[in-house]
Amino acid sequence: MLKKSLLVLSTLSLLNAETTMCFKKNHFDPTTIETIPLQGGKCEGVFSVKDMKEQGYTVSDIKISDGESGLNYIYVFQKEDMLNSAIINGRPMGKEELRSYLKEINREEQMKKLKEEKEGNIKEGKAFYEAHCVECHGQKGELNAYGTSKPLKNMTFEQMSRAINDYEFNDRMGSNAFIMKKYVGIITDDRLKNISAYLKSIK
């Protein structure tokens, strides 16, 4: 997982949006604004809007205001700067293939995020379980805590959730109920989902 994350980060670093701002003050003829040189930024008093577009820039924003003897224009140009080729997993990729590759990685990351929201995050579940639960419920959720509770590894998320609710509303009494009461406030549905996902992942 770490290796793939590093690959995603290194690959995404190939993409970079270059932004520059150019302006023209007191221009009196709006019909010629795209063909005259603009000041500032990458325009440098040499390049017009048309020139910048030919260089691969797009106009991401434009602001027009009244000047002393005409209109003031401020253009924000943006250009996607991508390497024409890259070597991924030892294989060269062209620009379009690289673009498709990045799109697929993004799709996989989105699917992973949706799955974690639905089923729980194993890594976070492991961290919480080992910090708060393992002493009573066992390394793999295999113990009957204090001889009264069911092994967590055999319980579904719904069953765990009902048990937590029982402790919260005093529907369960006894020594282990007293112990569990202090955890009720910190075991949210998301954390419980993570714990369930972690226990299911243990072979």
Side-chain angles (χ1 to χ4, degrees), residues 1-128 131 186 188-194 197-198 201:
M1 185 63 69
L2 177 60
K3 184 177 179 181
K4 185 169 183 181
S5 298
L6 290 174
L7 174 62
V8 171
L9 289 173
S10 62
T11 305
L12 289 179
S13 68
L14 298 175
L15 286 174
N16 181 34
E18 180 185 352
T19 302
T20 187
M21 184 182 297
C22 303
F23 64 91
K24 183 68 176 178
K25 290 185 177 181
N26 298 315
H27 186 67
F28 59 89
D29 185 1
T31 62
T32 62
I33 186 61
E34 294 208 356
T35 58
I36 63 166
L38 301 177
Q39 305 295 319
K42 294 284 185 177
C43 299
E44 301 175 332
V46 177
F47 301 114
S48 65
V49 174
K50 182 180 178 182
D51 295 329
M52 295 295 284
K53 288 180 179 178
E54 289 176 353
Q55 294 180 44
Y57 288 90
T58 57
V59 178
S60 63
D61 193 16
I62 178 173
K63 292 181 173 61
I64 304 173
S65 60
D66 291 327
E68 293 180 3
S69 58
L71 295 176
N72 295 331
Y73 294 81
I74 299 177
Y75 285 88
V76 178
F77 295 99
Q78 197 168 56
K79 179 169 68 172
E80 182 185 86
D81 183 18
M82 177 186 282
L83 296 181
N84 288 325
S85 63
I87 297 177
I88 305 296
N89 294 334
R91 186 171 67 84
M93 288 187 184
K95 186 173 182 177
E96 291 306 316
E97 187 179 6
L98 182 58
R99 191 187 299 275
S100 298
Y101 178 77
L102 292 175
K103 184 182 291 186
E104 179 63 21
I105 287 178
N106 185 59
R107 189 187 72 82
E108 289 179 3
E109 289 297 310
Q110 291 298 322
M111 293 296 291
K112 176 187 170 184
K113 185 176 179 180
L114 289 173
K115 183 178 179 181
E116 288 182 352
E117 289 177 355
K118 181 179 179 181
E119 300 177 8
N121 184 297
I122 293 174
K123 183 178 178 181
E124 292 183 10
K126 181 177 186 293
F128 188 88
I186 63 173
T188 62
D189 282 347
D190 285 341
R191 279 180 172 162
L192 198 61
K193 196 180 295 182
N194 294 341
Y198 166 61
S201 74

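Numbering starts at 1 and runs along the sequence shown.
In this view, Asp61 and Lys63 satisfy the salt bridge (Lys or Arg N to Asp or Glu O under 4.0 Å) rule, not counting sequence neighbours. Applying the side-chain hydrogen bond (donor to acceptor under 3.5 Å, both in side chains) test to Glu97 and every residue at least two apart in sequence or in another chain returns Arg91.
The closest side-chain heavy-atom distance from Tyr75 to Val49 is below 4.5 Å. Using a 4.5 Å cut-off on side-chain heavy atoms (C-beta onward), Thr58 and Lys53 make no contact. Between Tyr73 and Pro30, some side-chain heavy-atom pair lies under the 4.5 Å cut-off. Phe77 has its side chain out of reach of Lys42: every pair of non-hydrogen atoms, C-beta onward, lies at least 4.5 Å apart. Between Val46 and Pro37, the closest side-chain pair of non-hydrogen atoms is not below 4.5 Å. A 4.5 Å side-chain heavy-atom check between Ile74 and Ile62 finds every atom pair outside the cut-off. A 4.5 Å side-chain heavy-atom check between Phe28 and Leu71 finds every atom pair outside the cut-off.
Heavy-atom neighbours of Glu68 CD from other residues, nucleotides or ligands within 6.0 Å: at or below the threshold of 12.
Atom NZ of residue Lys24 and atom OG1 of residue Thr32 lie 9.0 Å apart, to the nearest 0.5 angstrom. Atom-to-atom distance recorded for His27:NE2 and Ile64:CD1 is 10.5 Å, nearest 0.5 angstrom. Here the CG atom belonging to Asp29 is positioned 8.5 Å from the OG1 atom belonging to Thr35, to the nearest 0.5 angstrom. From Glu54, atom CD reaches atom NZ of Lys50 across 6.0 Å, with rounding to the nearest 0.5 Å.
For residues 27-80, the set of pairs meeting the disulfide (SG to SG under 2.5 Å) definition, not counting sequence neighbours, comprises Cys22-Cys43.
Side-chain contact annotation: Asp190 with Thr188, donor-acceptor N/O pair under 3.5 Å absent. Defined by atom type and a distance below 3.5 Å, a donor-acceptor pair is present between the side-chain atoms of Tyr57 and Glu18.
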Item to check | Test side chain to side chain contact (heavy atoms under 4.5 Å, CB included) applied to Asn26 and Asn72, step by step | outcome: CA-CA 5 Å; Asn26 298 315; Asn72 295 331; 3.8 Å; yes
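Using modelled atom types, one side-chain atom of Arg191 and one backbone atom of Ile186 make a donor-acceptor pair closer than 3.5 Å. Remark: the backbone N or O of Gly120 is not paired with any side-chain donor or acceptor of Asn194 at under 3.5 angstrom. A donor-acceptor contact shorter than 3.5 Å is absent between the side chain of Thr20 and the backbone of Gly41.
Considering every non-hydrogen atom in both Ser48 and Ile36, the closest pair reads CB-O, 3.1 Å.
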